Visitor: 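Below: one structure in structure tokens.
The sequence lines fix the lettering, A, B, ..., with proteins before strands; numbering per chain opens at 1. Everything quoted here is computed from the prediction, not taken from an experiment.
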Amino acid sequence: MAKDYKNLQEEIIDVCLRRGIIFPTAEIYGGASGFYEFGPIGELIRQNLISLWRYHFIKSEENIHEISGSTILPEKVFEASGHLETFNDPLTQCMKCKSMFRVDHLLENVDPSKNYDAMSLDELSEELKKSGLVCPKCKGELGDVRSFNLMFETKIGPSGGIRGFLRPETAQNIFINFRRISHSMRSKLPFGIAQVGKAYRNEISPRNFLIRLREFEQMEIEMFVDPEHMNSHPRWDEVSTMEIPILTRDAQKNGGKAIMISVEDALKQGLIPNQFFGYFMALESEFVKSLGVSEDKFWFRHLLESETAHYSKANYDLEIEFPFGIVECIGNAYRTDYDLKKHAEKSKTKLQIVTDDGRKVVPHVIEPSFGVQRLFYILLLSSYRKGDREWTWFQFPYSVAPYEVVVAPLMKKDGLKEAAYDFFWDLKDEGIDAIYDESGQIGKRYARADEIGVPFVFTVDYQSLDDETVTIRDRDTTKQYRIPMSEASDVIRELIFNVLTFEDLKNEFKEINSGKKHGSDKEPSPKNGKKTEAKKNPEGKKGKKGKKKGQSKKSKK
RNA sequence: GCACGCGUGGUGAAGGGGUUAUCAUAGGAGCCUUCCAAGCUCUUGUCCCGGGUUCGAGUCCCGGCGCGUGCACCA
């Protein structure tokens, strides 16, 4: 198992480097652990991934607004949020009353001669045990030493008088802009504020390629809800019967598996705290499936009490299973009014909403938080294909593929090259994401297109010169049909948006015999019959119309 | 952060003190080719960084950086 994983990860890293998908940061200077950059192809995919998310969670909603905030924030923000206190020093928590204490401070009272700053967490734990110290408040037992030294610190301004920190999550920008946004958008509860952006954590030990990074990107929503109406989501009916996999706390304790349960039932059984929380879980489930993750490979894990912050009323992580282990890529938290109250107190600003019936309420917050790099990696892992042809390829959902189509002349001579190049520009002028490739033999270009997951290739051949047709090759089956150039952009659009499947072209256009001409006796064995998962999940690209979540959205008003 | 292993063209590998570092593949130019990494010619490009030992270091030693694995930690 572990070995398979290693090979799989190595293969994916290999293709990422060769094909311009992901690079290690500062590689020519020896690299920087925990930092990776998106290459040209990776960046196209990343942008599409973010667009797909934006489509699912913002554009398909009525009251969720996106902002883009500063990544450096002054110290006070994190004093209020609690990050400064809880992310920076070796801490111990009283097992009884849950109070947190700085271990170095406690120990300095015992033996001031030792340098506790230089000690490891283990050493500090040992010192703490040896000291026999108990909780100063309640005399309870003190837990193991934990360090949360995760924020990158910086100084703001020439005098450096103000301490700043690179934000460890995007969420704080949303809370500190709450009043401005709610006023300028004339917001009524419930409403959401979303943000896509970088966050930074100085991880002790970055690992596993894109999984644990020091600089990463989050896509977050803070959904603000009237605490008295947590169970009146206006679109609940659209999702209530949708089934999602839940790994309950009981199941975790007993080694059980996730159960499929409708969000309605999950709510009734008290597994999830409210409709708003369940609504997002339902959407996330659909979203993850649209990335090509199969239904039996992910679940929502209810975090154990020990993993849950004291102010949080519920946490569910969406986890995806791979041969090597489990990747957590979406976190859901019911943060109640904790953040707004803390910032209101610290900033002496009222962070509240006046409801229609005249109540002044501090909204409660539901927070779904997505890791871009983790989802990106999951996309690579779940789309990666090998063994059915002589090269590896990515069966990306069309909506996230780096290009829509490659345009290739069959050969460079006899005017084919010129005709193909003109055709390529025609497509681009029509807004098709096309890329032109004339280098090498045609099969090599099909392979190159496959390898970065481009869904289709148009080939301009001799017949094209006679009758203005081109062949279109399907990445997933390697089949080809011949279509008129004049219809090419429409066909691509309809395929990409899943108005048509590739097999639908059969009814209208002629199939082309294709096969290997040169050399080897091995025939490529195109996959037959198996439709790409992508085809079931068309949404998210330019101009695509919304897909129902079960019932018509229009009914919501 | 600790321990172990590893670091050679873009990618994958060989070379483990001694001429000008080898091979495959890839990239570029061209020939050939009427549809799935064929072939031919030319060409581009490599010893992670810094010290040390040595007449001589890709090779040995030390340190750093990076990657992997385990532990610890963690979204």
Visitor: Could you tell me how far B:G18 sits from B:C74 if I compare only their P atoms? Round to whole Å.
Guide: 49 Å
Visitor: Using Watson-Crick or G-U wobble geometry with both distances under 3.5 Å, which nucleotide pairs with B:C65?
Guide: B:G7
Visitor: Looking only at side-chain atoms of A:Arg212, point me to the closest of B:C35, B:A72, B:G27.
Guide: B:A72
Visitor: Which listed nucleotide (B:C67, B:A37, B:U69) is nearest to the side chain of A:Glu390?
Guide: B:A37
Visitor: From the options A:Phe23, A:Phe376, A:Phe209, select the one residue that forms a ring pair (Phe, Tyr, Trp, His ring centres under 6.0 Å) with A:Tyr36.
Guide: A:Phe209
Visitor: Measure the distance between the ring centre of A:Phe216 and the centre of the six-membered base ring of B:A75, then answer whether it is under 5.5 Å with planes under 30°.
Guide: yes
Visitor: Looking at B:A38, B:U34, B:U11, which one has an atom nearest to any side-chain atom of A:Leu17?
Guide: B:U11
Visitor: Using a heavy-atom cut-off of under 4.0 Å over every strand shown, decide if A:Ser33 touches base, sugar-phosphate, or nothing.
Guide: sugar-phosphate
Visitor: Knowing that exactly one of A:Phe370, A:Phe280, A:Phe287 qualifies, which makes a ring pair (Phe, Tyr, Trp, His ring centres under 6.0 Å) with A:His56?
Guide: A:Phe287
Visitor: Please report, rounded to the nearest Å, how far the C1' atom of B:A26 is from the CZ atom of A:Arg19.
Guide: 8 Å
Visitor: Would you measure the distance from the C1' atom in B:U59 across to the matching atom in B:G17 and give it in whole Å?
Guide: 6 Å
Visitor: Quickly work out the A:Glu438 CD to B:G28 C1' distance and round it to whole Å.
Guide: 12 Å
Visitor: Heavy atoms from C-beta onward define the side chain here; which of B:A37, B:C35, B:U34 lies closest to that of A:Gln480?
Guide: B:C35
Visitor: Quick one: is A:Asn208 getting a side-chain N or O under 4.0 Å of the B:G68 phosphate, OP1 or OP2?
Guide: no
Visitor: Using a cut-off of 4.0 Å on non-hydrogen atoms, how would the nucleic acid contact of A:Phe458 be classed: base, sugar-phosphate, or nothing?
Guide: nothing
Visitor: Just checking A:Phe458 against A:Phe424, ring centres under 6.0 Å apart?
Guide: no
Visitor: Roughly how far apart, to the nearest Å, are B:C48 and B:G68 at atom C1'?
Guide: 16 Å
Visitor: For B:C47, give the paired nucleotide (Watson-Crick: N1-N3 plus N6-O4 or O6-N4; G-U: N1-O2 and O6-N3; both under 3.5 Å), or none.
Guide: none
Visitor: Both A:Arg374 and A:Lys413 contact RNA chain B. Which one's nearest nucleotide lies toward the 5' end?
Guide: A:Lys413
Visitor: Can you identify which nucleotide, out of B:U34, B:C35, B:G30, has its nearest atom closest to the A:Ile442 side chain?
Guide: B:C35
Visitor: How far, in whole Å, is B:G5 from B:U43 if one measures between their C1' atoms?
Guide: 38 Å
Visitor: Regarding A:Gln480 and A:Tyr446, do their side chains bring together a donor and an acceptor under 3.5 Å, going by distance alone?
Guide: yes
Visitor: Under the side-chain contact (heavy atoms from CB on, under 4.5 Å) criterion, do A:Arg19 and A:Glu451 qualify, and how do the steps go?
Guide: CA-CA 8 Å; A:Arg19 292 297 177 203; A:Glu451 206 169 13; 2.8 Å; yes
Visitor: When the distance from CD of A:Glu220 to P of B:A75 is rounded to whole Å, what number comes out?
Guide: 13 Å
Visitor: Find the partner of B:C42: check Watson-Crick (N1-N3 plus N6-O4 or O6-N4) and G-U wobble (N1-O2, O6-N3) distances, both under 3.5 Å, and reply none if neither fits.
Guide: B:G28
Visitor: Any side-chain N or O of A:Lys444 less than 4.0 Å from the OP1 or OP2 oxygen of B:G27?
Guide: yes
Visitor: Considering only atom C1', compute the distance from B:U44 to B:U25 and round it to an integer number of Å.
Guide: 14 Å
Visitor: When the distance from CZ of A:Arg445 to C1' of B:G28 is rounded to whole Å, what number comes out?
Guide: 15 Å
Visitor: Give a yes or no on whether a donor-acceptor pair under 3.5 Å exists between the nucleobase atoms of B:A75, that is its base, and the side chain of A:Arg201.
Guide: yes
Visitor: Could you tell me the separation between the CD1 atom of A:Ile12 and the P atom of B:G68, rounded to a whole number of Å?
Guide: 14 Å
Visitor: Just compare B:G28, B:U34, B:G27 and give me whichever is closest to any side-chain atom of A:Ser439.
Guide: B:G28
Visitor: Atom CD1 of A:Ile378 and atom C1' of B:A75: how far apart are they, to the nearest Å?
Guide: 13 Å
Visitor: From CD of A:Glu451 over to P of B:G12, roughly how many Å is that when rounded to an integer?
Guide: 13 Å
Visitor: Using a 4.0 Å heavy-atom cut-off, does A:Ile472 contact any base of the nucleic acid, only the sugar-phosphate backbone, or nothing at all?
Guide: nothing
Visitor: When the C1' atoms of B:C65 and B:G51 are considered, how many whole Å apart are they?
Guide: 14 Å
Visitor: Partner of B:A13 by Watson-Crick or G-U wobble geometry, both contacts under 3.5 Å, or none?
Guide: B:U22
Visitor: To the nearest Å, how far apart are A:Arg18 CZ and B:G45 P?
Guide: 21 Å
Visitor: Picking from A:Val491, A:Ile492, A:Asp476, what satisfies side-chain contact (heavy atoms from CB on, under 4.5 Å) with A:Phe456?
Guide: A:Ile492
Visitor: Just by distance, no angles: are the side chains of A:Thr459 and A:Asp461 close enough, under 3.5 Å, to form a donor-acceptor pair?
Guide: no
Visitor: Do A:Arg249 and A:Glu305 sit within salt-bridge range, that is, some charged N less than 4.0 Å from a carboxylate O?
Guide: yes
Visitor: When the C1' atoms of B:G9 and B:U46 are considered, how many whole Å apart are they?
Guide: 4 Å
Visitor: Using a 4.0 Å heavy-atom cut-off, does A:Asp461 contact any base of the nucleic acid, only the sugar-phosphate backbone, or nothing at all?
Guide: base
Visitor: Starting the side chain at C-beta, find the nucleotide from B:C35, B:G68, B:A38 nearest to A:Gln9.
Guide: B:G68
Visitor: Nearest heavy atom decides the nucleotide; on that basis, is A:Arg214 or A:Ile28 closer to the 5' end of RNA chain B?
Guide: A:Ile28
Visitor: Could you work out which one of B:A75, B:C35, B:A37 sits closest to the side chain of A:Trp391?
Guide: B:A37
Visitor: Under 3.5 Å for both donor-acceptor distances, Watson-Crick or wobble: does B:U34 have a partner, and if so which one?
Guide: none
Visitor: Using the P atom on both, measure B:U22 against B:G45 and round to a whole Å.
Guide: 14 Å
